There are 2 protein chains.
Amino acid sequence: MPSPIVRKIAQIIEVSPRTVERALNGELKDTRPTIVARNARIKQLAREMGYRPNAAARAVATGRFGCIALVVMPEQELLPARMLRRLCTGLHERLDSELKVTMLTDETFERAEVNVPKVLAELSVDGLLVSPGTALHERAVDLVEANDLPVVWINVQGVHDCVYPDEIEISQRVARDMLAAGCTRLAFAALEQSPSKHFSRQNRWDGFAGVAAEAGVACRVESVAIPFVEQLPQADDPRLRHWLDVLARPDRPDGVLCYGVSAAGAVLQAAATLGLELGRDLRVASFCTNRPHAIMGPMQVCEVPFAEMADAAVAMMAAKLERGGHAESCAVRYHDYGFWG
Amino acid sequence: MPSPIVRKIAQIIEVSPRTVERALNGELKDTRPTIVARNARIKQLAREMGYRPNAAARAVATGRFGCIALVVMPEQELLPARMLRRLCTGLHERLDSELKVTMLTDETFERAEVNVPKVLAELSVDGLLVSPGTALHERAVDLVEANDLPVVWINVQGVHDCVYPDEIEISQRVARDMLAAGCTRLAFAALEQSPSKHFSRQNRWDGFAGVAAEAGVACRVESVAIPFVEQLPQADDPRLRHWLDVLARPDRPDGVLCYGVSAAGAVLQAAATLGLELGRDLRVASFCTNRPHAIMGPMQVCEVPFAEMADAAVAMMAAKLERGGHAESCAVRYHDYGFWG
DNA sequence: CTGAAAGCGCTTACAG
DNA sequence: CTGAAAGCGCTTACAG
């Protein structure tokens, strides 16, 4: 049975409810003025009476939900607003779909069958975008794959159905730029904790060190172990101490690529403290998740291309929804923006 | 008609489909071993056959969607992951609901009736959480209120249905701390562009300057005009130049509260350049949206309590869903964490 | 184009 | 507890 509002409109206009629905859906292509006017009247009435089509009812009838889920992990800070933004608009434009955000918590993993999020336990979306951040829990993979919905993995490196940044290419670019600028002792600044499990850690090093090796230039890792703290960096931060030490050596590096801004902050501050002039004595480049708004110092910043990854993920989802099966993974290129102070 | 899987299970167990559904929903409280075993078998079969209840069908039947929308604006970077996290878990736990994220784009505002997002144009959620960031577009208010769903405004200051941080109280606290530490010339560091329209701009100044005035201590605004750039701060950043100038004066401030980390970065860097010792010559405090991971220098950081706002928003939504009508607005207290280098 | 019917999968309400 | 029926609001498919 049609909704009360639709029935009331039907009564007023003196047509069947089905005709009202057709007019509302724009299914009527009759161009005769009478019909066109009637349809306009129907739409007008619907607006006045506050009619809104029930998306759930349509989903039941069509079997499509018009909704895609974004599955994320709780630890991660890796949910940049610009990615969310592009996912929203991309899904809207390309798939006429909305975005549901779900989180896999620790509880989800612990109590097996009990705490599965509704998106995975019920039928309510047409596909899954999974953005596990830096820590891809094994149980998460199982949970997602237990579902038979189309899946696209974001920022995960795999043979198919993955969208990830081309970390190697950008790292090579940075290394070449440093060499071209005359650097002779390269270093890769990293932290030892969690992100080390993420492919970006290895890829960034491989690309950077690979170019150095080819050129016969020294390159080493400077990795500081600090407990992974959710708290602010401290005044006697171990990262800062480490870099004060490294940059004081006679054979100090003159070109440093930092895994993230956390390491970069330490390098820059140490350099400033030691009176090194950036751009001359030392060149610094850093990856970052979000563009830093605060002044950090003259360095080159490589922003992880989350917006472009979102676009690629939507495109891949569209292809899978249409054709089914697996999709070829997609490495998204960094568009770095130079910034040599 | 029940779903094919349910019917098949019913056939196997030799009961009616309705009984299968009851078992699956845990509606059966009969403790007789035979029944208990049968129900377990039903659940087992459902699992094996990959049965998942159709959320849309349930929504049609019950009139509840089990979903809340988060409406955000595109310009904003104000969608901290921790807020999203708490919204997800809070809605799940307190309302057994999920979260749909929608964005109001410029197109939404321009072409009136055409580009209304589906969440607002259709029936698909039980309520609206609106987080407009720093720029509350007037059309956005209209669009949201045209809907008759329960609404909660996040980070908006209004008489009812709003959840926002208590900017005045925290600013007063900072001012008192600075005075207690012996500061005699206070300054509020701000930028002139967009956030100035947000209530936080006025409130932070009012709280800070109010305490200074009461104590008879000088307090002024140092507001730098820079074009609102989506690009990185530059080497000869106007903010930096301004603060180099301000801190070089003989009557330079010795206690500075910064509107955000963008301003704070300039203050800290200028202080370092001029050889001022933080904590002795100069005390700096700053608001921030996201906890900075990079070392910025010894200062006090007031992190906008987005997680707590999310909790309050969920609680308010729960209340409105239950009781209807308006809810009293809720000012969320900052829990600052001192950090004096 | 129009209308009456059946169907989507689930829940509510009512007999047995 | 169990089952048959009706209903939620929309779409698909089929006559007129």
Side-chain angles (χ1 to χ4, degrees), chain A residues 1-42 46 49-67 96 118 121-126, chain B residues 1-42 46 49-67 96 118 121-126:
Chain A
M1 207 178 10
S3 85
I5 299 191
V6 167
R7 276 181 305 185
K8 184 165 290 177
I9 296 176
Q11 222 173 299
I12 296 175
I13 305 285
E14 293 180 311
V15 291
S16 77
R18 190 65 195 89
T19 300
V20 171
E21 284 173 336
R22 285 197 174 103
L24 256 20
N25 286 347
E27 292 173 37
L28 272 10
K29 296 174 184 176
D30 195 327
T31 53
R32 281 173 300 179
T34 341
I35 304 295
V36 172
R38 185 203 63 182
N39 293 349
R41 176 116 188 277
I42 289 177
M49 303 172 74
Y51 172 73
R52 293 173 208 278
N54 186 312
R58 174 156 17 91
V60 174
T62 63
R64 277 199 64 235
F65 294 96
C67 193
D96 194 33
K118 295 173 74 175
E122 304 180 345
L123 261 29
S124 73
V125 295
D126 302 313
Chain B
M1 205 177 15
S3 85
I5 299 190
V6 167
R7 276 180 304 184
K8 184 165 290 178
I9 296 176
Q11 222 172 298
I12 296 175
I13 306 285
E14 293 180 313
V15 291
S16 77
R18 191 65 195 89
T19 300
V20 172
E21 283 174 337
R22 284 195 174 104
L24 257 20
N25 285 348
E27 291 174 38
L28 273 9
K29 296 174 186 177
D30 195 327
T31 53
R32 282 175 299 181
T34 342
I35 303 295
V36 172
R38 185 202 63 182
N39 293 348
R41 174 116 190 276
I42 290 176
M49 303 172 74
Y51 173 75
R52 294 173 206 278
N54 186 313
R58 174 154 19 89
V60 175
T62 63
R64 278 198 63 235
F65 294 96
C67 194
D96 194 33
K118 295 174 73 176
E122 304 181 345
L123 261 29
S124 72
V125 295
D126 302 313

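It should be emphasised that the depicted structure is a prediction, and the values quoted were computed from it without experimental measurement.
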Tell me the interatomic distance from M49(A), atom CE, to dG9(D), atom P, rounded to whole angstroms. 14 Å
Scan R38(B) against the nucleic acid and name what it touches under 4.0 Å (heavy atoms): base, sugar-phosphate only, or nothing. sugar-phosphate
E27(A) atom CD: more than 12 heavy-atom contacts under 6.0 Å: yes
Give a yes or no on whether a donor-acceptor pair under 3.5 Å exists between the nucleobase atoms of dT11(C), that is its base, and the side chain of R18(B). no
If you only use heavy atoms from C-beta on, which nucleotide in dG3(C), dT12(D), dT11(C) is closest to the side chain of A61(B)? dT11(C)
Quick one: E14(B) CD to dT2(D) C1', roughly how many Å, whole number? 15 Å
Closer than 3.5 angstrom, by distance alone: can the side chain of D126(A) be matched with the main-chain N or O of F65(A) as a donor-acceptor pair? yes
Pair partner, dA4(D) [Watson-Crick or wobble, under 3.5 Å]: none
OP1 or OP2 of dT11(D) versus the side-chain N and O atoms of T62(A): is any pair under 4.0 Å? no
Separation of dG9(C) C1' from E21(B) CD (nearest whole Å): 7 Å
May I have the distance from R58(A) (atom CZ) to dT12(D) (atom C1'), rounded to whole angstrom? 14 Å
Here the distance between atom C1' of dC10(C) and atom CD of E122(A), to the nearest Å, is 11 Å
Residue pair V6(A) / Y51(A): nearest heavy atoms and the distance that separates them: CG2-CE1, 3.6 Å
Once you apply a heavy-atom cut-off of 4.0 Å, does R7(A) come out as touching a base, just sugar-phosphate, or nothing? nothing
Taking any heavy-atom pair under 4.0 Å as a contact, classify P53(A): base, sugar-phosphate, or nothing. sugar-phosphate
What is the distance, rounded to the nearest whole Å, between atom CG of N25(A) and atom C1' of dG9(D)? 12 Å
Has S16(B) got a side-chain N or O lying under 4.0 Å from the OP1 or OP2 atom of dA4(D)? no
Whole-Å distance between dT2(C) P and L24(A) CG? 14 Å
Mind calculating the distance between CD1 (I13(A)) and C1' (dT2(C)) to the nearest angstrom? 15 Å
Identify, between V60(B) and R22(B), the residue whose nearest nucleotide on DNA chain C lies closer to the 5' end. V60(B)
